[in-house]
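Below: one structure, written as structure tokens.
Computation of the quantities below employed the complete heavy-atom set of this structure, encompassing side-chain atoms and omitting hydrogens, waters and symmetry-equivalent molecules. Here is how names work: the chains are called A, B, and so on, in the same order as the sequence lines, proteins then strands, and each is numbered from 1.
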Amino acid sequence: MLYNLSSDMFPAGDRKPLEIVVKRKAFRTSSGALSEVLRDVSLTIESGKVYALVGPSGSGKTTLLRIIIGLDKDFEGSIVMPQKPRIGMVFQEPRLLPWRSVFDNLRLAAPQAGDKEIVEIAADLGLSEHLKHFPGELSLGLARRVALARAFVVKPDLLVLDEPFVSLDILLAERLRDELATLVERTQVTTLLVTHGIEEAVRLADSILLLGGRPTGIMARIDIKTPRHAMTDAYAAEIQAQIGAIFAAAS
Amino acid sequence: MLRVLSLLILIAIWQIIATMANSLLLPEPAAVLGTMVREARSGALFFNLGMTLARVVVSFGIAMLFGTLFGIAMGRNRTLDKLADPWLVVLLNLPALVIIVLAYIWIGLTETAAIIAVALNKLPNTTVTIREGARALDPGLQEMATMFAMPWQTRFRHVLLPQLAPYIAAATRSGLSLVWKIVLVAELLGRPNGIGFEIYTAFQLFDVKLLLAYALPFIAIMLGIEALVVQPFERHVSRWRQKAA
């Protein structure tokens, strides 16, 4: 199925890495007190690699993500990007324009993309039949695919995924995960995945950052040496167990 | 079809009461129709209908344009909202008559004064409705538009307007009927033509036939605008909703 996207569409090149340093991020609670969410989180994102931020719900994953993509500027620290990357964003909810067709949703996100490219990327994600549909006519799984296609049509330098498989049933989530893995492999796009699912992190990422503690910091970093397509179930299970043990020890 | 039947019943009741009353003060439907045809033949009916309609369209357009802009601004900006809200409340509670008379006194008995007065009457109404819409905008879509670096034209047309469309439709619907009633008052007080002026003339002559001959066609026109412009517009902007499962 996945034959259209090629890595030359997404020139990863010899870009310098993104340096992210969050010294401190605090929210003011309703009582007026400051509540610290993140402390001393630093990560380097090298181009062409896939990173997974993994942590339990409420650990500040989404907060960190919003800082990285520039939607939250109220923090102490710095985000150093060699040049402003084009970000392909997949939010937790699909966030499609309900009054526009699937095709128009893709078109409006990437006005510079040709019709052919849009149709091809949609086909890669199994959306060929649905280009004329309105988002309200789609299941959540399909809407997620549209959101994913939208992130790819902009030819991102950085693909950012916030819990892209949450609230899908297991089979659907696994299928979408494998398709995403193939797409990422093919395009070599630098990817940042935020998730609480350990398995999807293991299956997709080159590098897994475990978030935890209070305030949240990076507890551990696990690099996966095996290429994604060569990963055996046994090896995946081994790493999952290792991560599970780290989280268990922390709590 | 029930609507037509309902209208026919209304006319029948009118006929019965008129026959029983047998008075110049309540003419029969046929007599009113006769006056209507006479006024139409002389061209006076169309001229006055046209003048009133033009005033309705211009003042309604101005009120909708500025009301929408103010509504969006106040819905998006809290400081501005707090600053301008008392003005809005004052304007909302100022009787139409007071605004019209003041406009005529301050600006003079001119077309401009009439249009401004009518627009000012409708403006706070539109502002309040659109402000509700602007407050209810989906921040998720806003962020999406930011992340995909959509230019402001795209944001305005494809992200903002569709979200405001139901509120704009509501303001249009309540606005048209409000505006045309206020235009008649403005005409009655200070214009040399239009339905309002003719009604004033009819009042001085106690000519109920003439009064109804002018009022009824205009109601018909407003019903036509509602059915042929407002409702199709509403259907158009909500077509994605109807198709949704």
Is the shortest side-chain heavy-atom distance between B:E143 and A:M89 below 4.5 Å? no
A:R150, part contacting chain B, at a heavy-atom distance under 4.5 Å: both
For A:H196, does the NE2 atom sit with more than 12 other heavy atoms under 6.0 Å from it, leaving out its own atoms? no
Nearest-0.5 Å distance that lies between atom CG in A:L108 and atom CZ in B:R157: 8.5 Å
Please classify the contact between B:V159 and chain A as side chain, backbone, both or neither, with a heavy-atom cut-off of under 4.5 Å. both
Output the residues of residues 25-34 of chain A for which the shortest heavy-atom distance to chain B is under 4.5 Å, in residue-number order; output 'none' if no such residue exists. none
Side chain to side chain contact (heavy atoms under 4.5 Å, CB included) between B:D138 and A:R95, intermediate numbers included: CA-CA 10 Å; B:D138 180 353; A:R95 297 199 188 177; over 6 Å; no
May I ask you to check whether over 12 heavy atoms, not counting those of B:Q231, lie within 6.0 Å of atom CD? yes
In Å and rounded to the nearest 0.5 Å, what is the CD to CG distance from B:Q142 to A:L71? 11.5 Å
Supply the atom-to-atom distance A:W99 CH2 to B:Q163 CD, rounded to the nearest 0.5 angstrom. 4.0 Å
Under 4.5 Å to a heavy atom of chain A? For B:M147 that would be both
B:L141 and A:L96: which non-hydrogen atoms are nearest, and at how many Å? CD2-O, 3.6 Å
Within a reach of under 6.0 Å around CZ of A:R175, are more than 12 heavy atoms found that belong to other residues, nucleotides or ligands? no
Assess whether atom CZ of A:F103 is packed by more than 12 heavy atoms of other residues, nucleotides or ligands within 6.0 Å. yes
